[in-house]
Amino acid sequence: MARCRGGGVFAAFSLSAVGVLLLNSSVVHSQLLPVVINTWPFVNANYKAVQVVLKNGSHLDAVEAGCSECEVEQCDGTVGYGGSPDEKGQTTLDAMIMDGVKRPVIDSKNHDTIGMIVIDEMGRIACGTSTNGASHKIPGRVGDSPIAGAGCYVDQDVGGAAATGDGDLMMRFLPAYQAVEGMKQGLTPTKAVLEALNRIIAYHPDFSGALIAVNVTGHYGAAYHGFSSFHYTVFNPELKNSTVINAEVY
Ligand code: SD4
């Protein structure tokens, strides 16, 4: 993933997109930190991010390393070079990294969707996504993945969330933002993702998608709707290894 600088939210078309939001920083200590959580059983991506975070690399570098691993591996044929083509058979890529820490750095590059949240031992949070987007999409379509609040979202004082699934709907409901907002209001991560999914399903019962969320103390949850199943991958000091977990169906 290439890195660029800026403040505000950016969305580049076709090849890549970037989002950054600058939020208040605070230090959180929890025995469940550091935590690395990502959509789907992309264990190697999780492991790459864990290696960075355990060597005191930055939370941003960890997200970048994790998502980039999926681009290299072409995870599930839906991330990185040559995956899920558009209507014309061309591959395009959406990606973003969002920093919860108050400093002007953010990232992006070209590129199923991996959505990842990292919280380091100091409680610094970042999230990132990388995807080829919807299969056979209209050329030029930019999906939810590079949109802050849709593909992923972090609030340094609350936690983070990331999404995968029908991005055309998720862009309209901002489920990652909704899940973080739910945690801010006191919901557990699991309740927060269920509530965020409910906002979509109430209007679109055919929706297919999944959400993962983690709060600043390292507690996490996930839920899905419309998929036959959804697995996600987590590392924390209790689990010790990057571990694939079966999510709750909504
Ligand atoms: C999109 N949300 O572009 C992405 C696709 C996806 O698993 O997540 N696929 O709509």
Side-chain angles (χ1 to χ4, degrees), residues 1 10-19 37-43 45-46 63 66-67 69-71 73-98 108-117 127-153 160-179 193 196-197 199-201 204 206-213 222-233 244 247 249-250:
M1 293 187 131
F10 303 92
F13 289 80
S14 205
L15 279 182
S16 66
V18 185
I37 177 168
N38 60 268
T39 55
W40 305 112
F42 300 150
V43 174
N46 189 284
V63 164
C67 292
E69 177 61 20
C70 256
E71 292 166 5
E73 283 188 16
Q74 300 169 292
C75 282
D76 223 15
T78 58
V79 185
Y81 185 76
S84 302
D86 64 20
E87 276 182 352
K88 289 188 174 161
Q90 311 261 335
T91 292
T92 55
L93 313 146
D94 292 341
M96 82 159 162
I97 296 180
M98 179 170 174
S108 144
K109 187 184 169 183
N110 313 337
H111 326 280
D112 213 25
T113 300
I114 182 166
M116 177 178 277
I117 307 143
C127 70
T129 60
S130 186
T131 184
N132 295 129
S135 279
H136 308 113
K137 63 190 176 188
I138 295 168
R141 168 192 183 264
V142 174
D144 61 304
S145 299
I147 309 295
C152 76
Y153 192 78
T164 181
D166 181 348
D168 296 325
L169 282 179
M170 293 196 288
M171 274 189 280
R172 290 157 49 192
F173 288 87
L174 302 178
Y177 175 79
Q178 185 67 48
V193 292
L197 286 177
R199 300 272 177 135
I200 305 175
I201 294 158
H204 301 281
D206 294 341
F207 169 73
S208 294
L211 277 169
I212 56 173
Y224 68 99
H225 183 266
F227 293 150
S228 51
S229 65
F230 172 67
H231 295 86
Y232 61 107
T233 310
V244 175
V249 64
Y250 176 88

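Numbering of ligands and ligand atoms starts at 1, following listing order.
Using a 30° and 60° split on the angle between ring planes, W40 and F42 fall in the tilted class, from 30° to 60°. Between F227 and F230, the ring planes are tilted. Angles from 30° to 60° get that label.
With distances taken over non-hydrogen atoms, the option nearest atom 6 (C) of ligand 1 out of V142, D76, T113 is T113. When the heavy-atom distances from atom 5 (C) of ligand 1 to S145, G165, A150 are ranked, the shortest goes to G165.
Within ligand 1, counting atoms from 1 as listed, the ones closer than 4.0 Å to a heavy atom of A134 are 1 (C), 3 (O). Heavy-atom proximity to R141, at under 4.0 Å, picks out these atoms of ligand 1: 1 (C), 3 (O), 10 (O).
Annotation: G133 places no N or O atom under 3.5 Å from an N or O atom of ligand 1; distance criterion only. Polar contact check, T164 against ligand 1: a nitrogen or oxygen pair lies under 3.5 Å apart. No N or O atom of D166 sits closer than 3.5 Å to an N or O atom of ligand 1. On a distance-only criterion, D168 and ligand 1 share no N/O pair closer than 3.5 Å.
Of all heavy-atom pairs between A162 and I117, the closest is N-CD1, 3.8 Å. Here the closest non-hydrogen pair linking T91 and G80 is CG2-O, 3.8 Å. Nearest heavy-atom pair, Y224 versus A210, reported as atom, atom and distance to 0.1 Å: CB-CB, 3.6 Å.
Closest to atom 7 (O) of ligand 1 among all protein heavy atoms lies D112 OD1, 2.4 Å. Nearest protein heavy-atom neighbour of atom 1 (C) of ligand 1: D144 OD1, 3.2 Å.
Interatomic distance, CZ of F207 versus CG of D168, reported as 10.5 Å (0.5 Å rounding). The structure places CD1 of I97 at 9.0 Å from OG of S130, a figure rounded to the nearest 0.5 Å.
Residue K137 places every heavy atom at 4.0 Å or more from ligand 1.
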Audit row: H204, D166, side-chain contact (heavy atoms from CB on, under 4.5 Å) steps and yes/no: CA-CA 11 Å; H204 301 281; D166 181 348; over 6 Å; no

